[in-house]
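As structure tokens, the structure follows; a few thoughts come after it.
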Amino acid sequence: MLKKLSFALAAILSVSLFASCVINTSDDGDDDHGIDYKDHGSDWSIMVTNETQQKLVLFKGAPSSNQIIGGVKANAKNQHMAKNATVFGKTSSDFIMYAVKEKDYLDNKDKLEVLDDAAFTTLYAYYNADGTNDNVYTISSALGGNYYVTINNNSGYNVELRNNGINGPSIAYCGKGMYEQHYYWAEGDYLIFPVFRKFNKTYGEIISVAPTDEAGDPIYETVTLKDQPGYNRYDFMAADWKGTNGKFEFAPSAAYLKIVNNSGKGISLYPGKGAGNVFVGEDGCATTGLGAKYITTAAPYNYLIFTFNLQQLGGDKSNPQFEKQVTFQGFQVGNAVKRVKVEDGGVDTFTIKAGHMQTLIVSADGSSFKTAFERDADSGEILDYEVNFEEIDDESVR
């Protein structure tokens, strides 16, 4: 029997609540109230897709007048947000992105701190000052409904709540020690999976794991928000996430491929079979969890680590099953001038276990490239490193 998710969730549906959610979200007219809703496609900080009907104002961290990223329009797809030097500075950093409704922002411009625990949603995000920012942060259509949700996180870890799987869309983010986080969710059936996240400076990547039950399957909670007038509360304590030994047991939610560039030329990774496991930009390049896709030649930026998310295999909602490894084939590395197939000794199909990392070395071969995996000097086996979440220094979000 699977353990259930430890967060406190309250669902309230009432006529007064419904009335409070009905606002004019029309984009008609030119009055943006001084909010920057433009697409900054030539030079941007982050990209956002807004699946909701709400115009939203985004903040880097808790709502503050000097931390405004800009506005994102209702139904916007891949909107490029402004790269404001005052907000983002010259240093890469992960952060909690707060999204608040335009109306709430305008009603509270002189006291934005009241929106700290009343955001439309919060997302875990990363700004890459040293490279590209090609990740797209999606504000789910499941948000903005009529059900009032309260989330408390006393697990000791930063946690994302994802719907329908450990790699499903994020519908809430709750930092460790954050309580009484309030959201509105839409009517429907949810499978909520907690995913713990840490940014690791050594790897230069965001590492994710999911707490598991005794069978090693990710913990989840089934929540139905439908025809539930009045007050409904789901009470779970973080201790329920722990195994029989009193400690957290983790199921890695990704496998990692590190590419070291010794070719003397800038390169990118172009996925082949298995591309559904890694984010791919419009130009066909794979993108890291930090939003980077170009591997330069100057240390310390001559390598990138690509995160391959594990996909749900099947089973019904009462018994989900998950892959334990990632297999990829026919990948290429190179640039607009020259690309070569990723292979080692004539083999172009490789497997990386969940929670593990392998390293691909790209070197020059005349005007082209050649690839080989890092191998053990004695056995000749491909070196395989375990990415241990518990041993990673906790880099709390800013």
Side-chain angles (χ1 to χ4, degrees), residues 47 78 128 131-136 138 165-168 203-208 252-297 301-314 322-375 381-385 387:
M47 285 194 288
N78 298 354
N128 186 6
T132 55
N133 287 279
D134 291 288
N135 282 345
V136 178
T138 299
I166 57 176
N167 295 301
Y203 295 140
E205 183 57 298
I206 298 166
I207 308 301
S208 302
S253 62
Y256 306 93
L257 175 66
K258 179 178 181 179
I259 299 182
V260 177
N261 181 15
N262 292 335
S263 71
K265 304 173 183 178
I267 61 172
S268 296
L269 174 66
Y270 299 84
K273 185 178 180 181
N277 291 322
V278 65
F279 180 77
V280 180
E282 294 180 356
D283 57 2
C285 298
T287 301
T288 70
L290 305 186
K293 60 184 179 181
Y294 299 115
I295 312 171
T296 64
T297 58
Y301 307 116
N302 69 326
Y303 75 90
L304 291 179
I305 296 176
F306 295 90
T307 299
F308 291 80
N309 292 323
L310 304 180
Q311 304 297 310
Q312 184 168 327
L313 284 177
F322 296 87
E323 293 182 358
K324 305 299 183 184
Q325 62 187 26
V326 168
T327 299
F328 58 91
Q329 180 183 38
F331 279 34
Q332 294 181 322
V333 294
N335 49 44
V337 177
K338 182 68 177 180
R339 301 181 196 173
V340 298
K341 183 183 291 187
V342 173
E343 60 180 13
D344 185 310
V347 178
D348 70 348
T349 302
F350 303 93
T351 297
I352 305 176
K353 294 184 293 185
H356 287 246
M357 180 189 300
Q358 294 178 4
T359 301
L360 180 73
I361 310 295
V362 180
S363 56
D365 184 14
S367 61
S368 187
F369 306 97
K370 62 180 179 181
T371 62
F373 278 88
E374 183 181 14
R375 293 178 176 270
E381 296 292 325
I382 294 177
L383 288 177
D384 190 272
Y385 302 95
V387 179

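Here K273 contributes atom NZ and F331 contributes atom CZ; the two are 11.0 Å apart, rounded to the nearest 0.5 Å. Note that the CG atom of D134 and the OG1 atom of T288 stand 9.0 Å from one another [nearest 0.5 Å].
Contact record, C285 with Y270: SG-CE2, 3.5 Å, taken as the closest heavy-atom pair. Across R375 and D344, no two heavy atoms sit closer than the pair NH2-OD1, 3.0 Å. Pairing each heavy atom of Y256 with each of S208, the nearest pair is OH-N, 3.7 Å. Summarising the geometry of T297 relative to G266, their closest heavy-atom pair is CG2-N, 4.2 Å, with the distance given to 0.1 Å.
Counting only heavy atoms from C-beta outward, the side chains of I259 and L304 never approach each other to under 4.5 Å. Using a 4.5 Å heavy-atom threshold, the side chains of N302 and V260 count as touching.
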Give the intermediate values and the outcome of side chain to side chain contact (heavy atoms under 4.5 Å, CB included) for residues V340 and V333. CA-CA 6 Å; V340 298; V333 294; 4.0 Å; yes
Test log, rule side chain to side chain contact (heavy atoms under 4.5 Å, CB included), inputs L383 and T359: CA-CA 7 Å; L383 288 177; T359 301; over 6 Å; no
Test side chain to side chain contact (heavy atoms under 4.5 Å, CB included) on F369 and S363; report intermediate values, then the result. CA-CA 6 Å; F369 306 97; S363 56; over 6 Å; no
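Screening residues 348-361 for salt bridge (charged side-chain N to carboxylate O under 4.0 Å, His left out), with sequence neighbours left out, gives K341-D348. Among residues at least two apart or in separate chains, there is no salt bridge (charged side-chain N to carboxylate O under 4.0 Å, His left out) pair with a member in residues 357-374. Sequence neighbours left out, not one pair with a member in residues 252-269 passes salt bridge (charged side-chain N to carboxylate O under 4.0 Å, His left out).
Partners of D283 according to the salt bridge (Lys or Arg N to Asp or Glu O under 4.0 Å) rule, which considers only residues two or more places apart in sequence or in another chain, are K293. F373 pairs by the ring pair (Phe, Tyr, Trp, His ring centres under 6.0 Å) definition with F350, not counting sequence neighbours. Under the rule for a side-chain hydrogen bond (donor to acceptor under 3.5 Å, both in side chains), Q325 has no partner lying at least two apart in sequence or in another chain. Every side chain to side chain contact (heavy atoms under 4.5 Å, CB included) that N135 has, sequence neighbours left out, goes to Y137, F279, T287. By the side-chain hydrogen bond (donor to acceptor under 3.5 Å, both in side chains) test, N261 pairs with S263, sequence neighbours left out. N262 pairs by the side-chain hydrogen bond (donor to acceptor under 3.5 Å, both in side chains) definition with nothing, not counting sequence neighbours. With sequence neighbours excluded, the residues that form a side chain to side chain contact (heavy atoms under 4.5 Å, CB included) with A286 are L269, P271, V278, F306. A search for side-chain hydrogen bond (donor to acceptor under 3.5 Å, both in side chains) contacts involving T327 returns T351, not counting sequence neighbours.
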